[in-house]
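These numbers come from a predicted model, not from an experiment.
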Amino acid sequence: MIRTLLRGAANRALAALAVLLGAAGLAFAALHLIPGDPVAIILGPATQASAQVQAAIRADYGLDEPVVLRFLHYLGRLATGDLGRSYQLQRGVDELIGEQLGPTVELALAALVLAVAIAVGSAVATAGRGRIAKAVSGWELLAVSSPPYWVGILLLSVFSFSLGWFPVTGAEDFPALVLPALTLALPVAGVLSQVLREGLEAALAEPFAVTARARGLSRTAVRVRHALRHAAIPLVTLTGWLTGSLLGGAVLVEAVFGRPGIGALTLQAVTNKDMPLVVGLVLLSALVFVVISTLVDLLYLAIDPRLRTR
């Protein structure tokens, strides 16, 4: 099993490298095709600078070099982990992202754990139970179709402004994390629960489930110990894909709850046309995607032994 996992990890690493190179190329093209003079962005609209100062800035950022040479230098810097320097904040992009990454990762992980827990609990409790399953499914569809910012404002109105149970803004302690994580988790939990419930209902009709019940196992034991394993692969696939949406949704949720993080940094970078910072955030998203895809593939091998022989 270990050899299979290592071979799978090596193949995924090569694919991940190709994806990252493609993302880096597209990011470089976007950086140089979007209208606007980088020097004007660096100086700001109200600043008047001489031609000599502007030329010095172009030379400092390498903007006076041919495009091919700039691209090669760009790839060389990426290979060493250098993402460039922010036009507006005049600091390293990797430094800026590193400062804001922690709160966003904390929020996304809390939302992911919460979403999976809600989905598994709901699906296991309601699979194959007629009207109860339909009623719960209706609430899940409502959660999936509701915009995250609207859910966040609703939770704030009830649990912060009316009941005073949680702080309105901030990220200093655990209570400040609850409502933002719940806002992100509810739509994801709705999708996961729908898929997992369908898989559980199919698994409960299989001969192995009938045999387990005939041996005297309770309905809950059959669902948790036997059917859940068979229904887990679609859940793992969707969880991997939806983790990316959690990071994207964090942009809005962090704004609604006044939390620091990558969301606030992204809004600031896009508003100011700070392209090195935007490109750094794009590469971060690509890296998160390939890491999650690799983990999902390896998890397949751990869940389903039949895949290890292919």
* Treat each ILVMFWY residue as a node, draw an edge where side-chain heavy atoms are under 4.5 Å apart, and state whether V144 and L182 are in one component. =>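 V144 clusters together with L182.
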* Pairwise salt bridge (Lys or Arg N to Asp or Glu O under 4.0 Å) hits with a residue in residues 74-88, at least two apart ->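 Every salt bridge (Lys or Arg N to Asp or Glu O under 4.0 Å) pair that includes a residue of residues 74-88, provided the two are not neighbours, is D60-R85.
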Which pair of non-hydrogen atoms, one from [X] and one from [Y], has the smallest distance, and what is that distance?
X: G152; Y: V256; result: C-CG1, 4.4 Å
X: S162; Y: S157; result: OG-O, 2.8 Å
X: L177; Y: A110; result: CD2-CB, 3.9 Å
X: L186; Y: A143; result: O-CB, 3.9 Å
X: L184; Y: A111; result: CB-CB, 3.6 Å
X: S146; Y: V151; result: CB-CG2, 3.7 Å

* For L141, does the CG atom sit with more than 12 other heavy atoms under 6.0 Å from it, leaving out its own atoms? ->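 Atom CG in L141 is packed in, count exceeds 12.
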* Asked: Should we say atom CD of E201 is surrounded by more than 12 heavy atoms from elsewhere, each under 6.0 Å from it?
  ->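 Counting neighbours around CD of E201, more than 12 heavy atoms of other residues, nucleotides or ligands fall under 6.0 Å, so yes.
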* **Any donor-acceptor pair under 3.5 Å from Q100 side chain to I262 backbone** =>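 Not a single qualifying donor-acceptor pair exists.
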* Does T266 have any side-chain hydrogen bond (donor to acceptor under 3.5 Å, both in side chains) partners at least two apart in sequence or in another chain, and if so, which? ->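 With sequence neighbours excluded, T266 shows a side-chain hydrogen bond (donor to acceptor under 3.5 Å, both in side chains) to no residue whatsoever.
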* **Counterpart residues, side-chain hydrogen bond (donor to acceptor under 3.5 Å, both in side chains), relative to E254 (two or more places apart)** =>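 Listed in chain order: T104.
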* Nearest 0.5 Å please: distance from the CG atom of L156 over to the CZ atom of F257. =>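 So the gap between those two atoms works out to 4.0 Å.
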* Asked: In Å, rounded to the nearest 0.5 Å, how long is the span from CD1 of I97 to CG of L265?
  ->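 Here the interatomic distance stands at 6.5 Å.
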* Output the rest of the hydrophobic cluster of W139: all Ile, Leu, Val, Met, Phe, Trp and Tyr residues reachable through side-chain heavy-atom contacts under 4.5 Å, sorted by chain and number. =>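 Listed partners: L142.
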* Which residue pairs pass the side chain to side chain donor-acceptor pair (under 3.5 Å) test when at least one of the two sits in residues 175-185, sequence neighbours left out? ->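 Residue pairs passing side chain to side chain donor-acceptor pair (under 3.5 Å), neighbours aside: none found.
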Could you tell me which residues satisfy side chain to side chain contact (heavy atoms under 4.5 Å, CB included) with [X], sequence neighbours excluded, listed by chain and number?
X: E95; result: R91, E99
X: F166; result: F159, S160, P175, V178, L179
X: A108; result: L247
X: L154; result: W150

Taking side chain as C-beta onward, heavy atoms only, is [X] less than 4.5 Å from [Y]?
X: V105; Y: L109; answer: yes
X: P260; Y: P103; answer: yes
X: L83; Y: V279; answer: no

Using atom types as modelled, flag every donor-acceptor pair under 3.5 Å from a side chain in residues 113-127 to any protein atom, sequence neighbours excluded.
residue, atom, partner, partner atom, Å
S122, OG, E140, OE2, 2.9
S122, OG, S193, OG, 3.4
S122, OG, R197, NH2, 3.3
T126, OG1, S122, O, 2.6
T126, OG1, R197, NE, 2.9
T126, OG1, R197, NH2, 3.2

